[in-house]
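The structure appears below as structure tokens.
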Amino acid sequence: MTLTLNRRTFLQATAATAAIGLPRRAFAATPLTMQAAWINDAEFAGYFLAMDKGYYAEEGLDLTYLSGGPDVIPESTIIARRADLALTTPDTTIRAISEQGAKFKIIGAQYQKNPIGIVSLKKNPINTPSDLVGKTVAVPPVNTVTVEALLSLNGIDRSAVNIVPYAYDPTPLVSGEIDASLDFTTNVPYTISRLGEEAQSFLLYDHGVTLFNDTVVVTEETLASKRAELVAWLRASRRGWDENLADPSVYPPQWEETWFKGTGRTIDNEVFFNTAQKDLIVAPDGIFSMSEDAIAKSLEALRAVGINGTREMFDTTLLEEI
Amino acid sequence: MTGRTGFLRSRTLLNLAILLLVWEIVGRMDWIAGGALPGLSEILVRLWIDRADYPGHVGATVYASVMGFLIGNVVAVGAGILFVLFPTLLRLTRGFNIAVFALPPIAIAPILVLTLSGMAPRVTLAALGVYFVTMSATVVGLSQFDTRAADVVRAYGGKDWLVMKLVRLRGAVPDILSGLRIAAPNAVLGAILAEFGGGGRWGLGTYLLGSLGRGEPARLWGIGLVATLIAGLSYLVFAVISARTLGSTRSVTLNTAIPGVGDGTAKPLPLRMAIFAGAALLPFVLWWAFIKLTGVPDLIAKTPFGVVDYLFLSDTSPAAREKLLAALAQTLPITAVGMIAGLSFAFLLAISARMFPGFIKTFMPVALVTQTMPLVALTPLLVLILGRGTSVTLWITISVTFFPAFVLLVQGIQRVPQSVLDLPRAYGASAWQELRMVSIPAALPYLFAATRLTVPRALLGVMIAEWLATGTGLGNLLNQSRGYLDYGMIWTVAAVSVCLSVAFYYAILFVERRTLTHLGMQTVE
């Protein structure tokens, strides 16, 4: 009995696959896979928009979008060839190139200024890195590198600050169990205000950690073999971001039933996020651009914590081709 | 008799109602940790508001759990039967089995996410959570059979496989079922853990991750309760099946035959040494083979040689060793304490289950919640109540360790044949005396088996606490290393934690063998 059933379902499945499979091949769009850095939220709004409006398809790309998560190390995904490009934290990427000999190139940067900052409560404010002395700060273990950079660049002894793990929940901060947490300043202040407190925050960027974030990283191999597709991806993504940031409150509500369905986050939160990140993304030479000055600043900040990056790790020539 | 059970049942329901009422009041009044524990009604209201979100997430979690549960259990029961038929095979794969059990899921989840795609990491983690429990239960069930029934089969000319079919497999059914009972929540937890880290779009773990940033305990508890419901239902299914089959397979009288030593004649020393060496080497060979088969590049995936190179041969080795040793010095002492605490807790519960069945029936739902409530969701609450010191580590460790040990111990106490219990009862012994003089000594093999089960979990519990709350030791080192893309350290921590667990396991096995042989009892595998 199971055999007949199997055969029937098998035949149906075969027919269905053929029906779906054929027209797709007729388009002959080049497949390209990107690995995002986190779950679906406003951080990736530009890509959602470009996918919805078919900007990638117009560029001849068949884009597969992979969401991230705490266990997903974006760099690992491109090393394992499960994605062509990844959005990464530049300090991690550059350390991997310089210390482990990973063959990466940074071809663009979504955030000109890293949105990561120290978030505290207004009633117990932490306004500068030196305020951290003697305080308890919750930091996601993967971001310890970045906080160590902040402390070292501001001449603060690592042992003077009590660093505990941060599990992405602002409850301990609001209840006063910790004094501050390391998080996206574009995101968590919204939650804190909803919980009846006012947030106080500063960007790490404004205190010497002059880094990009969500750097667009590829392997040298991909750069050589898929250069045209990568330029096309940058062009379509820039279009998506430009349109999304023109009025940051427009698109997030439209994705309530699609990109943001069931993420556990609210649309109001995404609008807040999208609005707050605008100034950190927009660049005079266009979104994703990496000016010589900004690259030099990144390298300088990293050198202060013993990460030796070089100008060769960045490839700005693709941006020029957009 | 019906009157007594009816009374018990109503008492249990009453206790449960009181418990829920207390929870509701405590939650509503925000008495615990400034409202971090929400009232039951607040959770239910939140669940109702979020009802549209759940079907997709529940569907994904159930799919991954069921697939993992099926695959893990088929492999586990098959392996269990093979191990009993060919005891050498069990010895040869013991290192591997313990290694599978002791693999810290927080360390292998990223590796699975990297090497497999789509649902596969979730299914694999669920299957890994199931395998050891069911495999052990199968072996226990197949080894603890009534030798008299086997003698009957042999007397009529039956060979080993016929004994297996007619006596051992039938006798093993209750054990396998009790294994499946513990395995079911494990599968759900494994799937949720992989979802939490793995970056998919659907699954309760993904939902939990997105919800963490809201600072809304009612949502987190809602997700936890749904996870508990799924796990609880699966547990219940096997508990019911188990209750229906147990009566028919339990011995009515006591077997007074002294068990044979091992499987007949002792093997010559060189052979035993070879098997031991094989058992120690096999996990490393399989580790190496896994990496070669998946074809993951060397930079990410370290073979055993890669780890040796990382720890001893490269320029950065001294620094890496120093970090590792410092972390071990923080983790190991608390693991030992945590293991004892978890085991004592399980033992007390098992005795209570015998003495106050009503209490334990009330407690079981609470115990199940602690097993299936994702610890990440509970951490803010635990940290707010217990701080970030030793006590939070101990409680997390107890919650991770006590349940399997408890189930095994209850089983050990329950399996004491009626005729043995009749003796103290005939002499008017109190329930305590009966427990102390008969049930507990008779359950000694199960206490040892529970200890062996607890050791690797204690290390895991401590590592989870370090990861989520204290930021020290191996658990923190593992996560920090991800930020440094220090793959060598990630593999090293995983390997070291597994090796430690296996070493503890053997230490307990050694003590167990001596004690039980001395008392003329069989070892429970």
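Naming: A, B, ... by sequence-line order, numbering from 1 per chain. Predicted model only: the values in this text are computed from it and were never measured.
- In terms of the ring pair (Phe, Tyr, Trp, His ring centres under 6.0 Å) criterion, residue partners of A/Tyr190 (sequence neighbours excluded) are, by chain and number, A/Phe272.
- Nearest heavy-atom pair across A/Gly264 and B/Tyr207 is CA-CE1, 3.5 Å.
- At least one donor-acceptor pair closer than 3.5 Å links the side chain of B/Arg482 to the backbone N or O of A/Pro70.
- The ring pair (Phe, Tyr, Trp, His ring centres under 6.0 Å) check on A/Tyr168 picks up A/Trp38, with sequence neighbours excluded.
- Looking at B/Glu466, only its backbone comes within 4.5 Å of chain A, counting heavy atoms on both sides.
- Ranked by heavy-atom pairs shorter than 4.5 Å toward chain A, the options B/Gly471, B/Gly488, B/Gly213 are led by B/Gly213.
- For B/Thr470, the part sitting under 4.5 Å from any heavy atom of chain A is the backbone (N, CA, C, O) and nothing else.
- Put simply, the side chain of B/Trp467 does not reach to within 4.5 Å of the side chain of A/Pro165, judged on heavy atoms.
- Atom-to-atom distance recorded for A/Ser67:OG and B/Leu209:CG is 10.5 Å, nearest 0.5 angstrom.
- For A/Tyr65, no part lies near chain B; criterion is any non-hydrogen pair under 4.5 Å.
- In plain terms, the two heavy atoms of A/Val72 and B/Gly198 that are nearest each other are CG2-O, 3.5 Å.
- Side-chain atoms of B/Leu299 and A/Lys103, non-hydrogen and from C-beta on, never get closer than 4.5 Å to each other.
- Your options are A/Ile73, A/Leu66, A/Thr266, A/Ile39, and the one with the most heavy-atom pairs under 4.5 Å with chain B is A/Ile73.
- To the nearest 0.5 Å, atom CG of residue B/Leu485 and atom CD of residue A/Gln100 are 6.5 Å apart.
- Distance CG/A/Asn143 to CG/B/Asn479: 11.0 Å, rounded to 0.5 Å.
- Residues B/Arg201 and A/Asn40 meet the side-chain proximity criterion, which asks for heavy atoms closer than 4.5 Å.
- Of the listed residues (B/Ser211, B/Ala301, B/Ala194), the one with the most heavy-atom contacts under 4.5 Å to chain A is B/Ser211.
- No other option in A/Thr144, A/Thr263, A/Ile79, A/Ile307 has as many heavy-atom pairs under 4.5 Å with chain B as A/Ile79.
- Top candidate by heavy-atom pairs under 4.5 Å with chain B, chosen from A/Thr92, A/Thr77, A/Thr89, is A/Thr92.
- When all heavy atoms of B/Arg214 and A/Arg194 are compared, the closest pair comes out as O-NH1, 4.5 Å.
- Taking every heavy atom of both residues into account, A/Glu148 and B/Tyr484 meet most closely at OE1-OH, 2.8 Å.
- Proximity to chain B is absent for every atom of A/Ile94, based on heavy atoms less than 4.5 angstrom apart.
- With sequence neighbours excluded, no residue satisfies salt bridge (Lys or Arg N to Asp or Glu O under 4.0 Å) with B/Glu42.
- Contact of A/Ala36 with chain B is not made at all, since no heavy-atom distance falls under 4.5 Å.
- Scanning residues 47-59 of chain B against chain A with a 4.5 Å non-hydrogen threshold yields B/Ala52, B/Asp53, B/His57, sorted by number.
- Taking 4.5 Å as the limit, some side-chain heavy atom of B/Trp202 sits within range of a side-chain heavy atom of A/Lys261.
- Inter-residue side-chain proximity for B/Leu220 and A/Asp169 is flagged as met; some heavy-atom pair is nearer than 4.5 Å.
- Note: A/Arg82 leads A/Glu99, A/Arg95, A/Arg82, A/Gln35 in heavy-atom pairs under 4.5 Å with chain B.
- Pairing each heavy atom of B/Ile300 with each of A/Ala80, the nearest pair is CD1-N, 3.9 Å.
- Of all the heavy atoms in B/Gly215 and A/Pro170, the pair that sits closest is N-CD, 3.8 Å.
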